[in-house]
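This report concerns only the one structure given below.
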Amino acid sequence: MFFIQKDRALICRQQNETLKIEPWGKNALRVRSTLYPEFSSNNWALADIAPAGNSEISISGEEAAIQNGSIRARVNAAGVITFYKENEIILQEYYRNYFGTESRESSCLKVTSREFSPIIGGDYSLNLRFESNDKEKIYGMGQYQHAYMNQKGCILELAQRNSQISIPFAISNLGYGFLWNNPAVGKATFGNNYTEWHAEMTDQMDYWITADDSPAQIVKNYTEVTGRAPMIPENVLGLWQCKLRYRTQEEVLEVARKYKELGIPLDVIVIDFFHWTRQGDWCFDPEYWPDPKAMVDELHSMGTRVMVSVWPSVDRKSTNFEEMFAKGLLIRTERGTIQTYDFNGDCVSFDAMNPEARSFVWEKCRENYYKFGIDMFWLDNAEPDYAVYDFDNYRYYLGPALKVSNIYPLMYSKAFYDGLKAEKEPGIVNLVRSAWAGSQKYAALVWSGDVRSTFESFRDQLMGGLNIGLTGIPWWTTDVGGFMGGDVNDPEFIQLLIRWFQFAVFSPVLRMHGDRDPHNITPLSDKDHGGGYLFTGQSNEMWSYGMEAFEIMNKNLKTRLYLKPYILDLMKKASETGAPLMRTMFYEFPQDEKCWEISDQYMFGTEYLVAPVLYANQYSRNVYLPDGLWKNLNDGKEYKGGQTINCDAPIEYIPVFKKC
């Protein structure tokens with residue numbers, strides 16, 4: 001291994017590999033390796049952010065080291081990297097070979113830490129391995145539909161799917177954060193024997209690592225180099241109303257008028273899918289939406305902002321298909337049919353990685369929605385959703401899907417953020433079903449996808465919400481009650497809905513949405529397209545579930561409205577530091593070992609400890625109170641921290657404590 005200092009970077013060369021380690025932000029290093037003559041120019045999640053930081057480099061015989069603040073990387077003669085935080089090892093590459101291994105175990109396996117496997121025709125698949133630590137706990141990584149907040153022991157697919165959001169940033173209880181700066185489809189395995197990051201196709205290894213004293217500081221360092229959410233407007237922090245689906249502008253107005261009649265402020269009303277003529281037309285069907293501007297004007301007069309659903313899919317019968325196909329603005333298939341999506345149409349999704357395609361779609365939406373006063377856009381199917389997730393069969397402007405697919409939702413958000421910013425729209429917020437590292441800087445309000453209406457799914461959403469907050473996404477929400485499977489006549493579902501609503505009061509955004517059973521509503525039209533032919537779910541407003549449920553939700557909504565100034569302050573801190581609103585217990589209390597074990601309660605900002613009810617027919621639950629003095633919001637009693645107490649949790653409320 002030959003070592004060279006070039007500017008602030010340490011360059012290490014051996015045979016055809018070039019390894020580059022350089023400072024990139026506070027207490028952080030960026031590490032790249034390639035077998036090509038030059039590194040790629042893509043900075044991916046680190047784009048547009050100046051790589052500040054200082055380096056101290058030492059080269060001594062057969063090893064070299066580089067330090068930036070509290071993190072140091074040492075490279076031995078075989079190129080094996082060991083990372084230190086204040087002289088303590090926090091991460092080390094897994095290498096088992098005769099020459100160069102740092103391990104005292106077997107060295108004859110001939111397993112290397114950075115394994116590039118050539119793909120015929122160019123590029124490589126890549127495996128990067130690190131030593132495992134039995135005492136380590138790993139958090140973050142986006143949102144996965146499982147019951148684990150601690151990802152240690154988990155195998156995570158690095159791919160976007162409906163309700164699976166891959167953001168490859170992990171936080172360790174050992175005091176570091178690690179970003180796999182690669183949008184390739186792959187896998188992260190946090191095994192007990194070793195950790196492995198895998199990319200199906202790539203031209204180089206690229207990761208970023210930071211070491212600091214607390215999870216809050218690690219998140220701050222990470223969002224310093226990937227970007228932070230802008231400041232959210234106050235008038236979206238109350239109630240959002242949505243269902244599958246409002247079919248006419250009169251249905252929308254009737255709902256908003258009733259909320260006004262009841263004296264319930266409605267911040268946002270959402271117009272869901274198939275209000276259009278065909279997928280890819282990006283417009284209202286005039287038969288059912290004859291005067292969108294008049295509708296929007298009336299809603300604005302009631303203090304309600306309006307959001308409309310946009311899908312990336314383009315039906316081959318769409319008015320825009322031929323032009324987009326001819327201009328190369330659509331995702332390509334490598335073999336077989338050109339179709340990528342088949343829900344109620346023969347569709348191909350637009351290529352959000354293509355800047356011309358982003359401009360094309362925005363211009364259609366500006367002309368057909370924004371000019372009527374539509375405030376925000378719901379970027380659904382943002383993974384994008386595929387008829388079949390055969391990633392090897394799709395190609396984008398930036399390359400094969402296997403190599404770049406995971407960045408698609410970020411580019412989708414960028415299209416509408418850039419468009420609205422050019423219009424000088426204040427307070428940009430767009431709802432999006434997926435994200436990648438850095439999506440937050442494009443005003444992406446991420447929701448957890450089309451999840452089931454079950455307590456099991458509810459518990460998974462809590463895990464996902466807490467973990468995604470650690471990956472730089474402070475704006476996150478769920479469909480209250482889950483999206484599919486909830487019967488409006490089922491008392492068990494109504495109980496779930498109430499518990500979910502109570503949880504959502506203490507989340508970044510409170511949004512009523514769902515496809516409610518039974519599906520027995522006759523379509524408005526017998527045509528095979530347009531705004532009238534598709535099914536819709538039952539009513540999903542606060543009053544749709546009986547008076548008892550309405551009164552409970554309305555009382556909890558008043559708590560939400562009372563908290564709006566506090567939530568606005570949390571949003572300000574998020575835009576300044578990257579701090580999530582929903583915080584794991586260890587985020588606020590990193591010195592408390594018990595807080596690293598708790599996954600069924602969380603902090604809402606610095607002041608409120610929230611203990612959602614996550615099981616059916618549960619009317620009390622245990623709550624752990626860290627050191628300090630805590631006041632129960634429901635009965636006013638004060639408790640000394642450092643203990644676990646049992647709390648009442650009747651259907652009317654969940655346990656919430658305020659830090660005194």
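The structure presented is a predicted model; accordingly, all values stated were derived computationally and were not measured.
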Quick check: does any side chain N or O of [X] sit under 3.5 Å from a backbone N or O of [Y], one acting as donor and the other as acceptor?
{"X": "Asn133", "Y": "Lys135", "result": "yes"}
{"X": "Asp212", "Y": "Gln217", "result": "no"}
{"X": "Tyr84", "Y": "Ala73", "result": "no"}
{"X": "Asn97", "Y": "Thr112", "result": "no"}
{"X": "Asn181", "Y": "Trp208", "result": "no"}
{"X": "Asn182", "Y": "Asp206", "result": "no"}
{"X": "Thr226", "Y": "Leu46", "result": "no"}
{"X": "Ser163", "Y": "Gly449", "result": "no"}
{"X": "Arg459", "Y": "Thr454", "result": "no"}
{"X": "Ser132", "Y": "Gly191", "result": "yes"}

[X] ring center near [Y] ring center (under 6.0 Å):
{"X": "Trp447", "Y": "Trp378", "answer": "yes"}
{"X": "Tyr139", "Y": "Phe586", "answer": "yes"}
{"X": "Phe503", "Y": "Phe458", "answer": "yes"}
{"X": "Tyr566", "Y": "Tyr608", "answer": "yes"}

- Item | Contact check, side chains of Phe604 and Ile567, non-hydrogen atoms, under 4.5 Å | yes
- Query: Under a 4.5 Å cut-off applied to non-hydrogen side-chain atoms, are Ser117 and Ser125 in contact?
  - Reply: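 Yes, at least one pair of side-chain atoms sits under 4.5 Å.
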- Has Arg96 got its NZ or CZ under 6.0 Å from the middle of the six-membered ring of Tyr94, at an angle within 45 degrees of the ring axis? yes
Tell me which pairs pass salt bridge (Lys or Arg N to Asp or Glu O under 4.0 Å) where either residue lies in [range], with sequence neighbours left out.
{"range": "residues 464-479", "value": "Asp479-Arg511"}
{"range": "residues 137-146", "value": "Lys137-Glu597"}
{"range": "residues 427-440", "value": "Asp380-Arg433, Glu383-Arg433, Asp385-Arg433, Arg433-Asp450"}

- Query: Among Gln440, Gln461, Gln143, whose side chain to side chain donor-acceptor pair (under 3.5 Å) with Trp476 holds?
  - Reply: Gln143
Got a sec, which residues hit salt bridge (charged side-chain N to carboxylate O under 4.0 Å, His left out) with [X], two or more places apart in sequence or on another chain?
{"X": "Lys572", "answer": "Glu576"}
{"X": "Lys573", "answer": "Asp569"}
{"X": "Arg32", "answer": "Glu22"}

- Between Arg161 and Tyr389, is a side-chain hydrogen bond (donor to acceptor under 3.5 Å, both in side chains) present by the stated rule, with each step listed? CA-CA 8 Å; Arg161 296 176 184 257; Tyr389 286 105; 5.8 Å; no
Over all heavy atoms of both residues, which pair between [X] and [Y] is shortest? Give the atoms and the distance, please.
{"X": "Arg30", "Y": "Trp24", "result": "NH1-CH2, 3.1 Å"}
{"X": "Trp436", "Y": "Ser166", "result": "CD1-O, 3.1 Å"}
{"X": "Met1", "Y": "Cys12", "result": "SD-CB, 3.3 Å"}
{"X": "Val432", "Y": "Ser413", "result": "CG2-OG, 3.8 Å"}
{"X": "Ser33", "Y": "Leu19", "result": "CB-CD1, 4.0 Å"}
{"X": "Leu158", "Y": "Pro168", "result": "CD2-CB, 4.4 Å"}

Output all residues satisfying side-chain hydrogen bond (donor to acceptor under 3.5 Å, both in side chains) with [X], sequence neighbours left out; order by chain, then residue number.
{"X": "Thr210", "answer": "Asn221"}
{"X": "Lys414", "answer": "Asp418"}
{"X": "Arg452", "answer": "none"}
{"X": "Ser434", "answer": "Gln160"}

Pair [X] + [Y]: basic N to acidic O under 4.0 Å:
{"X": "Glu17", "Y": "Arg114", "answer": "yes"}
{"X": "Glu157", "Y": "Lys187", "answer": "no"}
{"X": "Glu93", "Y": "Arg129", "answer": "no"}
{"X": "Lys564", "Y": "Glu234", "answer": "no"}
{"X": "Arg72", "Y": "Glu88", "answer": "no"}

- Task: Could you label the plane-to-plane angle of the Tyr124 and Phe116 rings as parallel, tilted or perpendicular, counting under 30° as parallel and over 60° as perpendicular?
- Result: perpendicular
- Task: Anything under 30° is parallel, anything over 60° is perpendicular, the rest tilted; go ahead and classify Phe178 against Phe130.
- Result: perpendicular
- Partners meeting side-chain contact (heavy atoms from CB on, under 4.5 Å) with Pro626 (sequence neighbours left out):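 Pro626: side-chain contact (heavy atoms from CB on, under 4.5 Å) contacts with Met585, Phe589, Asp592, Cys595, Leu609, Tyr624, Trp630.
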- Applying side-chain contact (heavy atoms from CB on, under 4.5 Å), name anything that partners Cys154, two or more places apart in sequence or on another chain. His146, Tyr148, Gln151, Leu156
- Check the pair Thr223, Arg228 against side-chain hydrogen bond (donor to acceptor under 3.5 Å, both in side chains), reporting the backbone distance first and the verdict last. CA-CA 6 Å; Thr223 56; Arg228 296 185 179 126; 2.9 Å; yes
- Run the numbers on Lys26 and Glu224 for salt bridge (Lys or Arg N to Asp or Glu O under 4.0 Å), then give the verdict. CA-CA 8 Å; Lys26 183 180 179 182; Glu224 182 69 31; over 6 Å; no
- Message: One pair to check against salt bridge (Lys or Arg N to Asp or Glu O under 4.0 Å): Lys640 and Asp627. What are the steps and the verdict?
- Response: CA-CA 7 Å; Lys640 186 178 180 181; Asp627 283 342; over 6 Å; no
